[in-house]
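Numbers restart at 1 for each chain; the letters A, B, ... are given by sequence-line order, proteins then strands. The shown structure was predicted, so the numbers you read here are calculated from the model rather than taken from an experiment.
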Amino acid sequence: LAKTTQPISMDSYEGQEVNITCSHNNIATNDYITWYQQFPSQGPRFIIQGYKTKVTNEVASLFIPADRKSSTLSLPRVSLSDTAVYYCLVGDRYSSASKIIFGSGTRLSIRP
Amino acid sequence: SQTIHQWPATLVQPVGSPLSLECTVEGTSNPNLYWYRQAAGRGLQLLFYSVGIGQISSEVPQNLSASRPQDRQFILSSKKLLLSDSGFYLCAWSALDGGETDTQYFGPGTRLTVL
């Protein structure tokens, strides 16, 4: 299983763009990268998923370089409500039962 | 659309008492089901997962067990709770269909306090 490493915490201000980088040096060919967001006392919520290059949805963008050994979650113009823990996960696309491991995540704090 | 339910939302139990947490999924068939535990300020620890009725895989040896009596029902149990069983328990489901990736969708969670 590919292990991920991400910063324990980050601070930013409302209206700024926030980039959270995750390292996954041992990512395998079939692995894809998924990011989740978790608010206190709630279950994690899927944000975005990608395999290579760039993926964008209405919430965030995900940048994955050619070697796929890292990825960056980009949150445009954050607000106070984006304060949460963000998890980067790497998993096997073709696994019949997920072996994805949630690490400790990145605790993002947004200030006014 | 799919929904996932967990109950109870909160639970306070004495040490040595039994436990039963229930999770049900609506709007999908033959989902993969998962139980996670999250200690305060920590990441999620996968406890059990199931790919079908009666099929349970345990990820971590512990005081807990899981069962899947119906396709969309997943139960987490214990015969005798320990203090260390306290935490936030999350149920999740996912669906694999051909090339679809295994995105997990989480329930609202159960906050368990063992005293």
Q: Check whether F63(A) and Y87(A) end up in the same hydrophobic cluster, where Ile, Leu, Val, Met, Phe, Trp and Tyr are linked by side-chain heavy atoms less than 4.5 Å apart.
A: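 No, separate clusters.
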Q: If hydrophobic clusters are built from ILVMFWY residues whose side chains come within less than 4.5 Å, do M10(A) and L80(A) share one?
A: yes
Q: Non-hydrogen atoms of chain A under 4.5 Å away: do they reach the side chain of L90(B), the backbone, both or neither?
A: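 Contact with chain A involves the side chain of L90(B) alone.
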Q: Do S104(A) and R42(B) get their side chains close enough for a donor-acceptor pair, meaning under 3.5 Å?
A: no
Q: Quick one: what part of Q38(B) sits under 4.5 Å from any heavy atom of chain A, side chain, backbone, both or neither?
A: side chain
Q: To which residues is I56(B) joined in a hydrophobic cluster, defined by side-chain heavy-atom contacts under 4.5 Å among Ile, Leu, Val, Met, Phe, Trp and Tyr, whether direct or through other members?
A: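 Reading the cluster by chain and number, I56(B) sits alongside I4(B), L11(B), V15(B), L19(B), L21(B), V25(B), L33(B), W35(B), L47(B), F48(B), L64(B), F74(B), L76(B), L81(B), L83(B), Y89(B), W93(B), Y105(B), L112(B), V114(B).
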Q: List the steps and the verdict of side-chain contact (heavy atoms from CB on, under 4.5 Å) for Y36(A) and T103(B).
A: CA-CA 10 Å; Y36(A) 288 81; T103(B) 300; 4.0 Å; yes
Q: Minimum heavy-atom separation for R111(B) and S41(A), please, with both atom names.
A: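 So the two residues come closest at NH2-OG, 3.1 Å.
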Q: Does atom CZ of F39(A) have more than 12 heavy-atom neighbours from other groups under 6.0 Å away?
A: yes
Q: Taking V51(B) as the starting point, is it possible to reach I75(B) by hopping between hydrophobic residues whose side chains are less than 4.5 Å apart?
A: no
Q: Does R72(B) have any salt bridge (charged side-chain N to carboxylate O under 4.0 Å, His left out) partners at least two apart in sequence or in another chain, and if so, which?
A: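 Testing R72(B) for salt bridge (charged side-chain N to carboxylate O under 4.0 Å, His left out), a comparison that skips the adjacent residues, returns none.
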Q: Tell me, side chain or backbone of R45(A) under 4.5 Å from chain B's heavy atoms, or both, or neither?
A: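 For R45(A), there is no contact with chain B at all, as no heavy atom is under 4.5 Å.
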Q: Please report the closest heavy-atom contact between F88(B) and Q38(A), naming both atoms and the distance.
A: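 It is CE2-NE2, 4.4 Å.
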